[in-house]
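For reference, the structure discussed in these notes is given below.
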Amino acid sequence: MNETIDLMKKHVSVRNFTDEKIPADVLKEIIEAGQAASTWKNFQSYSIVLVQSDEQKQALFDVQAQKSILGCSAFLVMAGDLNRAQKAVNMYQEEFHPEGVENLLISSVDAALAGQNILLAAESLGYSGVMVGLIREKSKEFSQVLGLPDYTYPVFGIALGKASRVNEVKPRLPYEVVVSDEKYQENTKADIEAYDQVQDEYSNHRFNKWSERIVEQWGKPEDSATLENLKDKKLM
Ligand SMILES: Cc1cc2nc3c(=O)[nH]c(=O)nc-3n(C[C@H](O)[C@H](O)[C@H](O)COP(=O)(O)O)c2cc1C
């Protein structure tokens with residue numbers, strides 16, 4: 001349809017990278033494109049910790065062994081950030097209320113929109129990457145290594161670099177399953193089974209079924225690491 005839409009539809013997460021580094025000026029351009037994303041009331045309630053040194057990548061990898069952290073050119077940690085808000089509030093008053101679900105949504109959505117823009121900008125320049133949400137399983141440890149202060153928390157990381165291996169584009173749910181006209185339409189078991197089959201064919205029967213992986217996520221109570229860290233950072 002056009003170059004932008006073609007690029008978006010060609011997106012594939014990449015977890016294996018060559019040794020090629022993203023030049024500093026290019027990386028800055030990519031991140032500034034990320035900052036251009038829409039943001040709640042222009043508050044920009046996120047910060048980015050840019051990790052490029054081998055030592056710091058190793059320290060993060062030691063906490064959560066995702067190979068993309070070690071192999072990438074740059075690992076960006078998208079952090080929800082109300083620390084900046086505290087400083088602004090304190091210019092006028094002591095009372096500050098960063099805690100709660102709505103505030104968490106504001107900062108997490110802002111971080112996610114910027115992160116998606118960053119990945120897309122990188123892809124537009126021939127680089128690749130993957131978002132790494134599993135860092136939240138080790139929220140406290142990541143916060144410590146990165147020096148995240150009160151009122152901040154890791155949302156996800158983005159590993160960026162030059163791809164050494166690229167998978168086929170992963171098929172998404174059919175349009176009709178995701179989009180309802182005018183009023184919400186619940187999906188059926190048949191919708192889920194049909195997509196299980198699509199995913200199974202895509203992955204050459206190598207992984208558990210899509211629906212089985214959903215059970216792994218939501219068939220048990222959630223891991224407490226994120227909540228505990230949010231309490232630690234005075235956000236809950
Ligand atoms: C917020 C978020 C967190 C993610 N975390 C991880 C992760 O920790 N490890 C990983 O290998 N992939 C991670 N991914 C990548 C997804 O697995 C991937 O986007 C999805 O399987 C669809 O595949 P595609 O991006 O290649 O189309 C994450 C994606 C998102 C949006």
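This chain uses plain numbering: 1 for the first residue, then up along the sequence. Computed from a prediction, not measured in an experiment: that's the story for all the values here. Ligands are counted one by one from 1 in listed order, and the atoms in each one are counted from 1 as well.
A donor-acceptor contact shorter than 3.5 Å links the side chain of Q199 to the backbone of P171. Although no hydrogens or angles enter the test, the distance criterion places no donor-acceptor pair under 3.5 Å between the side chain of D110 and the main chain of T39. Q56 places a side-chain N or O within donor-acceptor distance of the main-chain N or O of V145, the cut-off being under 3.5 Å. With K57 contributing its side chain and G71 its backbone, the two residues share no donor-acceptor pair below 3.5 Å.
Protein heavy atom at the shortest distance from atom 31 (C) of ligand 1 is M131 SD, 3.7 Å. Atom 18 (C) of ligand 1 has S13 OG, 3.6 Å as its closest protein atom, hydrogens excluded (heavy atom only). For atom 9 (N) of ligand 1, the nearest protein heavy atom (residue, atom name, distance) is Q66 OE1, 3.0 Å. Ranking the protein heavy atoms by distance from atom 3 (C) of ligand 1 puts G133 N, 3.4 Å first. Scanning the protein for heavy atoms near atom 17 (O) of ligand 1, the closest one is R15 NH2, 3.5 Å. Of the protein's heavy atoms, R172 NH1, 2.8 Å lies nearest to atom 27 (O) of ligand 1.
Note: Y195 and W210 have perpendicular aromatic rings, judged against thresholds of 30 and 60 degrees for the angle between ring planes.
When non-hydrogen atoms are compared, ligand 1 lies under 4.0 Å from the side chain of V130 (C-beta onward) but not from its backbone.
If you number the atoms of ligand 1 from 1 as listed, the ones under 4.0 Å from a heavy atom of V12 come out as 26 (O). The contact set between ligand 1 and L134, taken as ligand atoms under 4.0 Å from a residue heavy atom, comprises 8 (O). Here is the list of ligand 1 atoms found below 4.0 Å of a heavy atom in K170: 20 (C), 21 (O), 22 (C), 23 (O), 27 (O).
Ligand 1 has no atom lying under 4.0 Å from any heavy atom of Q116.
Atom NZ in K10 sits 13.0 Å away from atom CD1 in I5 (nearest 0.5 Å). Atom CG of N229 and atom OG of S143 lie 4.0 Å apart (nearest 0.5 Å).
Hydrophobic cluster membership is shared by Y151 and M78, with clusters built from Ile, Leu, Val, Met, Phe, Trp and Tyr side chains linked at under 4.5 angstrom.
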